[in-house]
Protein chains: 2
Amino acid sequence: MSRASERAYNHIRSMILSGELQPGSQIREEALAELCGVSRTPVRDSLRRLEAEMFIRRNDSQRSFVADWSLDDLEDAFQLRAMLEAHAAKRAASRITREQLKRLRLHNAQLKQAIDIPNPDVPKFLDHNRQFHAIIVAAAASERLASMLGQVTEQPVVLRTARQYDAENLRRSHHEHDELLIAFDNRDGEWAAAVMTGHIRRAFHAYAEAHSTDTEIRKSNLAA
Amino acid sequence: MSRASERAYNHIRSMILSGELQPGSQIREEALAELCGVSRTPVRDSLRRLEAEMFIRRNDSQRSFVADWSLDDLEDAFQLRAMLEAHAAKRAASRITREQLKRLRLHNAQLKQAIDIPNPDVPKFLDHNRQFHAIIVAAAASERLASMLGQVTEQPVVLRTARQYDAENLRRSHHEHDELLIAFDNRDGEWAAAVMTGHIRRAFHAYAEAHSTDTEIRKSNLAA
DNA sequence: AATGAGCTTATTGTATACAAATGGCATTCG
DNA sequence: CGAATGCCATTTGTATACAATAAGCTCATT
């Protein structure tokens, strides 16, 4: 996709992920066009794409709204992600190259550095975590699988509460990555898949817990 | 999507599925616009959609081509479909309503009628087969899952060779559907998933066999 | 006061004109 | 003769004007 269109897509997507565009709020093409400094045409392209990725919903009369996910929706997405990414890990185990393994190790080391300090550097952690997972998906060598995973890997709410994860959770992620690496070293697809399943599911529960705590806090603030 | 846009989408999609647009051939927006009797705008929308569904590919410079799938690509798609649809069956087992079960039985009976005659009515079989599977996906009650399955359930080549399947294969499908129904009656998700996995994988191998026979025939024709 | 018809306004859909980019071809230079 | 370069044709990207549609509002009617 070329310049204006891609710019619009990235802009809108990041506005949704950051929460700048509130879940449930209506989206008007012209307003977005102004925000992005382009015409409606590329904005419309972006909206279609974001609709396919379920970041945006449309009502009966084609008006667009920022998707508002329930906890159930999220669990559903995580469940699918766990299944797909376990499948990716299994495929990757028999296809991954030495070079890719090296890069996995590198990112996992960096990711450890980001949490092995008094105040964890969560953005750095998330970045290396993302790249770690991306390498595995690439090693799985299935374009379709990659495209499907793209639909369930980044979720607005999760990203916004990620910084709440405690150091313990981050450390666990690191250790699970380590175990994945051993499974890959042994070319054991079943093992890799099992570790990956647990890894993703734990991530969901960590989110759910952080989220409920967050919700309770907000509720008590309202009550006060 | 409204009239012109939807018309263009259906038109182009069916041209790809039927093979009217040959795999690998370049697609020009304006040519399609004329074919569909609309302007380029709705055609472009459709192309974007079809690209996301991997019916269309784009080269580095944004030119579009009808996707040309290798047998490996197809196997990959079937593998994903087997996994996703097994998951759907598992979820459906605990959620399916009596009404939906009734409709499943109905379609399976109709589908049997389509093959229980001297010359099997393949289009009728395919239609009821499609609806049978659609009901299960609906019963699974996951919008995301449904959307993903939409990406791997209809494949141009497969559809075109479907009429080559012999009666034996069609009968097997019918029996597998029967077994699925029993699994659903028992609310046994694991069983349903297992049957579904086998059902889809057998379908792939039936296709692969029909395809290789077909290829051999074409080759010998060329040689003659 | 509630309801519904008709009008007004907001928003999206489509067509088209123009801009930008790409590919192919011919020509020229090494 | 081969490779590189510049020009032209083709194709896609973007903006904008206009058409269609749906939502909201006013006002009349019961």
Side-chain angles (χ1 to χ4, degrees), chain A residues 1-16 19-68 143 147 150 156, chain B residues 1-16 19-68 143 147 150 156:
Chain A
M1 216 143 278
S2 59
R3 222 169 72 246
S5 203
E6 190 160 9
R7 201 148 54 93
Y9 173 78
N10 289 328
H11 195 163
I12 299 171
R13 187 168 187 274
S14 78
M15 283 196 293
I16 294 177
E20 196 174 336
L21 289 176
Q22 287 197 352
S25 65
Q26 184 170 350
I27 280 177
R28 276 157 319 148
E29 296 175 353
E30 203 159 2
L32 285 184
E34 276 185 43
L35 274 173
C36 302
V38 297
S39 82
R40 272 179 59 212
T41 309
V43 167
R44 283 172 62 78
D45 279 357
S46 308
L47 290 184
R48 290 274 146 72
R49 239 175 109 185
L50 291 163
E51 190 196 348
E53 294 166 4
M54 299 186 101
F55 284 122
I56 281 176
R57 306 193 139 284
R58 298 177 96 104
N59 66 6
D60 303 329
S61 63
Q62 301 296 94
R63 279 165 168 72
S64 304
F65 300 82
V66 179
D68 190 6
E143 214 179 322
S147 136
Chain B
M1 217 145 275
S2 60
R3 221 169 74 245
S5 203
E6 190 160 10
R7 201 149 55 92
Y9 173 78
N10 290 327
H11 195 162
I12 299 170
R13 187 168 186 273
S14 78
M15 284 195 293
I16 294 177
E20 197 175 336
L21 290 175
Q22 287 196 352
S25 65
Q26 184 170 350
I27 280 177
R28 286 176 328 260
E29 296 175 353
E30 205 159 2
L32 285 184
E34 275 184 45
L35 274 173
C36 302
V38 298
S39 81
R40 272 179 58 212
T41 310
V43 167
R44 283 173 61 78
D45 279 356
S46 307
L47 291 184
R48 289 274 148 72
R49 242 175 108 183
L50 291 163
E51 190 196 347
E53 293 166 4
M54 298 185 104
F55 285 121
I56 282 177
R57 304 194 140 283
R58 299 178 97 104
N59 66 8
D60 302 331
S61 63
Q62 301 297 92
R63 277 166 169 73
S64 303
F65 300 82
V66 179
D68 190 6
E143 215 178 322
S147 137

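Keep in mind that the numbers below use all heavy atoms, side chains included, and drop hydrogens, waters and symmetry copies. Chain A is the first sequence line, chain B the second, and so forth, proteins listed ahead of strands; every chain is numbered from 1.
- Taking every side-chain heavy atom of Ser5(A) into account, dT14(D) is the closest of dT14(D), dT12(C), dT14(C).
- Between the P atom of dG13(C) and the CD atom of Glu51(A) lies a distance of 10 Å, rounded to the nearest Å.
- Distance Phe65(B) CZ to dT10(D) C1': 13 Å, rounded to the nearest Å.
- A salt bridge does not link Glu53(A) to Arg48(A): none of the charged side-chain nitrogens sits closer than 4.0 Å to a carboxylate oxygen.
- Under a 3.5 Å cut-off, the side chain of Asn10(A) and the backbone N or O of Arg13(A) do not form any donor-acceptor pair.
- In the interface, the side chain of Ser61(B) is not paired with the base of dA21(C) through any donor and acceptor atom under 3.5 Å apart.
- If you measure from atom CD of Glu30(A) to atom P of dG13(C), you get 13 Å, rounded to the nearest angstrom.
- Salt bridge Glu51(B)/Arg58(B): present, at least one basic N to carboxylate O contact under 4.0 Å.
- The distance between atom CZ of Arg7(B) and atom C1' of dT14(C), rounded to the nearest whole Å, is 12 Å.
- Here the side chain of Pro42(A) is nearest to one of dG13(C), dC18(C), dA15(D), namely dA15(D).
- Residue order along DNA chain D, read from the 5' end via each residue's closest nucleotide, puts Ser64(B) first among Ser64(B) and Ser39(A).
- Close to dT22(C), at under 4.0 Å from its OP1 or OP2, lies no side-chain N or O of Gln62(B).
- With rounding to whole Å, Tyr9(B) atom OH is found 19 Å from dG13(C) atom C1'.
- In terms of phosphate contacts, Thr41(B) brings no side-chain nitrogen or oxygen within less than 4.0 Å of OP1 or OP2 of dT14(C).
- Within 4.0 Å (heavy atoms only), Arg28(A) reaches sugar-phosphate atoms of the nucleic acid but no base atom.
- For Arg44(B) and dG13(C), the CZ to C1' distance is 15 Å, given to the nearest whole Å.
- The distance between atom CZ of Arg63(B) and atom C1' of dG24(C), rounded to the nearest whole Å, is 10 Å.
- Ranking dA15(C), dT12(C), dT14(D) by closeness to the Val38(B) side chain, first place goes to dA15(C).
- Residue-level contact check: Ile27(B) touches the backbone only, with heavy atoms under 4.0 Å from sugar-phosphate atoms and none from bases.
- Listed nucleotides dT11(D), dG13(C), dG13(D) differ in distance to Gln26(B); the shortest reach to its side chain belongs to dT11(D).
- A cation-pi arrangement is present between Arg49(B) and Tyr9(B), with the terminal nitrogen or guanidinium carbon under 6.0 Å from the aromatic centre and inside a 45° cone about the axis.
- Of the side-chain N and O atoms in Arg58(B), none sit less than 4.0 angstrom from OP1 or OP2 of dT11(D).
- For Arg48(A) and dG13(C), the shortest distance from a side-chain N or O to OP1 or OP2 is below 4.0 Å.
- Residue Leu47(B) contributes atom CG, which lies 12 Å from atom C1' of dT11(D) at whole-angstrom precision.
- Of the options Glu30(B), Glu29(B), Glu34(B), a side-chain hydrogen bond (donor to acceptor under 3.5 Å, both in side chains) to Arg40(B) is made by Glu29(B) and by none of the others.
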